[in-house]
K.L.:
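Dumping the structure here so I can ask a few things about it.
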Amino acid sequence: MSTLTQSSPALPASGATPRAAGRFSKRRTPLAILAAGVALAFVPQLGLPAFYDSLLYLALHWVVLATSWNILSGYSGYFSFGHGAFFGTGIYTSANLMARYDWPFLWTLPAAALMAALIGVALGAVVFRVKGVRGELFALLTLAITLVIGTIVVNTPLDDGSGVPLSGVPVPKIGPTQSSTFYLLALGAAVATLLIAWGIQVSKFGAGLFAIHDDEDAAEVMGVPTYRYKLYALAISCALAGMAGGIHALFLSYVTAGEVFTITVPLTVVLMSVLGGTRHWAGPAIGAVAITGLLYSFTAADHAVAGKALIGVILIAAILFMPEGILERLRRPRRPAPAGAPVATPSAIAPTEVPARPASVAARQGEPLLRVRGLAKSFKGVRALAGVDVDVRHGEILGLLGPNGSGKSTFINVVSGHYAPSGGAIEFEGRSLDGLPAHRIAGSGIARTYQIPRPFAHLSVLQNVAIATMFGGAIRDPDAARRQAMTWLEFTGLQDKADARPDDLNLHQRKFLELARALAARPRLVLLDEVLCGLTPSEIDDAVALIRRIRDQGSTIVFVEHVMRAVMALTDRIVVFNHGELLAEGAAADVMRRPDVMTAYLGKAHA
């Protein structure tokens with residue numbers, strides 16, 4: 001097998017070597033952001049013309065908007081064209097409080113952030129519950145929200161169609177001049193926004209958002225509370241946009257809906273974020289500064305139209321040649337050619353690394369751990385499971401067999417929460433799982449693998465396993481989660497691939513990555529869905545040895561498989577499904593000799 005080494009993506013604490021980068025980042029990055037903010041706060045003392053204060057204000061203004069957009073859309077992958085709506089909400093909240101109710105300007109900023117966040121949460125509370133509203137549909141929906149809010153504002157006393165004048169509102173004396181005051185306000189907002197974006201990226205929250213970005217369904221099954229995390233990200237993103245809008249209202253001095261609720265803001269922040277890099281907290285800021293500088297240079301040279309055309313060309317080039325942005329291109333070296341060094345196999349790992357089987361598990365062996373009664377699942381009238389009853393006992397390896405289409409994988413999907421059952425009851429350790437979302441089922445002690453591996457493509461192998469450790473294993477600290485994840489990579493023989501991407505692994509290694517992720521949650525029940533499919537005979541031998549070791553460290557296993565030699569070698573009992581019904585159960589040698597089982601597999605002519 002070949003060995004590839006590659007830098008990990010810029011999320012939680014990634015870089016050339018994610019573990020070292022994480023320690024460096026947590027110690028120095030926030031200090032560097034604050035130090036830069038303090039240094040830039042002295043710019044007004046230089047006595048520059050007001051034009052430069054305003055230019056710097058606009059650059060920082062776009063840093064806030066692009067970075068806040070990226071917290072939802074870049075981190076979680078929910079691409080939004082509605083950022084202008086939340087920005088505009090902040091503008092009109094602040095403008096109306098100042099013009100109609102004589103609120104001091106600074107007092108309006110928290111209100112602007114709160115109002116934008118409330119509108120965002122109200123939208124997300126509905127939209128995020130509809131699984132079909134993702135990708136392009138979510139983007140179009142958020143674009144429509146911008147137009148709807150703009151129409152409401154212009155036809156109500158908030159605007160009355162004539163705008164809101166703010167020329168009489170006093171500007172607080174924060175800087176030596178009015179222009180420097182706006183610059184300092186934008187600087188404070190930018191520093192706060194960057195600190196928030198960095199803090200999210202290196203936290204458990206950020207890890208969950210990046211998992212949602214790559215595969216939301218798999219993230220939910222691994223324990224990530226996807227609905228709640230998306231709602232939190234949207235609220236933070238909207239609040240920061242609303243705050244930026246509140247500052248910008250007074251900067252404009254005259255607010256009109258026609259200039260606020262347009263497609264310009266979302267398109268600009270998308271361009272800035274994509275250009276800089278959406279998978280790093282600093283990417284949108286770099287893009288914002290670059291685009292603002294380009295626009296200024298062309299405007300100053302009386303070539304504003306050419307500047308806008310160039311911005312469009314840059315966007316196209318960035319999508320084609322730098323899809324992960326400038327920052328990621330600079331941070332990640334060119335991939336080296338594959339080397340010929342072999343990768344360690346589980347059989348080469350010392351057995352002393354396997355945790356001892358808990359005495360409580362051995363004491364309960366033979367008692368039901370999972371009890372399924374009358375489990376049914378239909379897909380638009382097609383019956384996949386027809387009221388099956390299955391008991392899984394503590395400490396056993398239960399083989400789940402049947403011909404293709406018999407309902408085996410559907411059973412795994414329903415028990416793990418990937419699909420909601422159409423009927424029946426599921427109990428785990430005496431507690432009902434009925435109606436629980438997948439992340440709550442994962443948290444109760446059930447983990448699974450997928451028949452076709454579904455790793456998080458933009459995360460390193462180590463980060464993939466750390467996600468399961470944080471959410472399924474309830475380890476809040478990302479550094480502790482990575483340390484624990486490394487022990488499971490050693491357990492599965494993938495320790496040399498810790499910093500690689502899943503695309504750098506072969507099928508055998510991706511299957512073992514699935515196992516490592518499942519085990520990292522420290523489950524009492526592991527559901528293995530055809531983990532041997534596609535493996536060579538020697539790789540199957542390694543996998544069989546690994547599965548034995550999984551059972552030895554205290555887990556109960558449900559083993560869906562077609563490789564009969566592995567089934568015969570591993571299972572304590574088997575159950576056979578056929579057409580969604582339970583056909584037989586018992587010892588493997590006895591069940592596989594039954595005529596009805598042979599008929600189900602081979603057909604009547606061969607049975």
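If you're wondering where the values come from, they're calculated on a predicted model, not measured in any experiment.
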K.L.:
Hey, can you tell me if W107 and W103 have their rings parallel, tilted or perpendicular (30° and 60° cut-offs)?
P.N.:
perpendicular
K.L.:
Does the pair D504/R501 count as a salt bridge with the N-to-O cut at 4.0 Å?
P.N.:
no
K.L.:
Parallel, tilted or perpendicular: which describes the rings of F205 and Y232, with under 30° parallel and over 60° perpendicular?
P.N.:
perpendicular
K.L.:
Is the backbone N or O of S76 less than 3.5 Å from a side-chain atom of K230, with the two atoms forming a donor-acceptor pair by type?
P.N.:
no
K.L.:
Kindly indicate, with the supporting measurements, whether the criterion side chain to side chain contact (heavy atoms under 4.5 Å, CB included) is fulfilled by W62 and L295.
P.N.:
CA-CA 12 Å; W62 286 113; L295 287 175; over 6 Å; no
K.L.:
Indicate the atoms forming the closest heavy-atom contact of A112 with G242, along with that distance.
P.N.:
CB-O, 3.5 Å
K.L.:
Is there a side-chain contact between V127 and T142 (heavy atoms, below 4.5 Å)?
P.N.:
no
K.L.:
Just checking, R517 and Y450: is the charged tip under 6.0 Å from the six-membered ring centre and within 45° of the axis?
P.N.:
no
K.L.:
Between F81 and W69, is the ring centroid distance below 6.0 Å?
P.N.:
no
K.L.:
Do the side chains of F138 and F128 get nearer than 4.5 Å, heavy atoms only?
P.N.:
yes
K.L.:
Within the side chain of H458, is there an N or O that forms a donor-acceptor pair under 3.5 Å with the backbone of D214?
P.N.:
no
K.L.:
Using atom types as modelled and distance alone, determine if a side-chain donor or acceptor of Y92 lies under 3.5 Å from a backbone N or O of A257.
P.N.:
yes
K.L.:
Where do L185 and L250 land on the side chain to side chain contact (heavy atoms under 4.5 Å, CB included) test, with the steps shown first?
P.N.:
CA-CA 11 Å; L185 286 169; L250 190 56; over 6 Å; no
K.L.:
Mind listing the closest non-hydrogen atom pair of V164 and A99 along with its distance?
P.N.:
CG1-CB, 3.7 Å
K.L.:
Please check if atom CZ in F379 has more than 12 non-hydrogen atoms from other residues, nucleotides or ligands closer than 6.0 Å.
P.N.:
yes
K.L.:
Quick check: closest heavy atoms across T108 and S94, and the distance to 0.1 Å?
P.N.:
OG1-OG, 2.7 Å
K.L.:
Taking everything shown except I452 itself, do over 12 heavy atoms lie less than 6.0 Å from its CD1?
P.N.:
no
K.L.:
I'd like to check F87 versus H61 (side-chain heavy atoms, cut-off strictly below 4.5 Å). Are they in contact?
P.N.:
yes
K.L.:
I'd like to check W281 versus L194 (side-chain heavy atoms, cut-off strictly below 4.5 Å). Are they in contact?
P.N.:
yes
K.L.:
Mind checking whether I196 and T67 have side chains closer than 4.5 Å, heavy atoms only?
P.N.:
no
K.L.:
Would you check if L56 and L40 make a side-chain contact, meaning some heavy-atom pair closer than 4.5 Å?
P.N.:
no
K.L.:
List the atom of S273, the atom of N70, and the distance in Å for their closest heavy-atom pair.
P.N.:
CB-OD1, 4.2 Å
K.L.:
Cut-off 3.5 Å, side chains only: do Y254 and E259 have a donor facing an acceptor?
P.N.:
no
K.L.:
Does atom OH of Y227 have more than 12 heavy-atom neighbours, drawn from other residues, nucleotides or ligands, at distances under 6.0 Å?
P.N.:
yes
K.L.:
Please examine the side chains of V265 and V260, heavy atoms only from C-beta on, and report whether any two atoms are closer than 4.5 Å.
P.N.:
no
K.L.:
How far apart are the closest heavy atoms of I441 and G417, and which atoms are they?
P.N.:
CD1-CA, 3.7 Å
K.L.:
Determine the sole option in Y296, Y183, Y57 for which the ring pair (Phe, Tyr, Trp, His ring centres under 6.0 Å) test with F51 is passed.
P.N.:
Y296
K.L.:
When you measure from the side chain of T226 to the backbone N and O of E216, does any donor-acceptor pair fall under 3.5 Å?
P.N.:
no
K.L.:
Just by distance, no angles: are the side chains of R448 and H418 close enough, under 3.5 Å, to form a donor-acceptor pair?
P.N.:
no
K.L.:
Search all heavy atoms of L166 against all heavy atoms of A95 and return the closest pair with its distance.
P.N.:
CD2-O, 3.6 Å
K.L.:
Side chains of P44 and L184, heavy atoms from C-beta outward: is any pair under 4.5 Å?
P.N.:
yes
K.L.:
What orientation do F251 and H248 show, parallel under 30°, tilted 30 to 60°, or perpendicular over 60°?
P.N.:
parallel
K.L.:
So does R100 have more than 12 non-hydrogen atoms from other groups sitting under 6.0 Å from CZ?
P.N.:
yes
K.L.:
Side chains of Y419 and K377: any donor to acceptor distance under 3.5 Å?
P.N.:
no
K.L.:
Taking the side chain from S237 and the backbone from L234, do they hold a donor-acceptor pair closer than 3.5 Å?
P.N.:
no
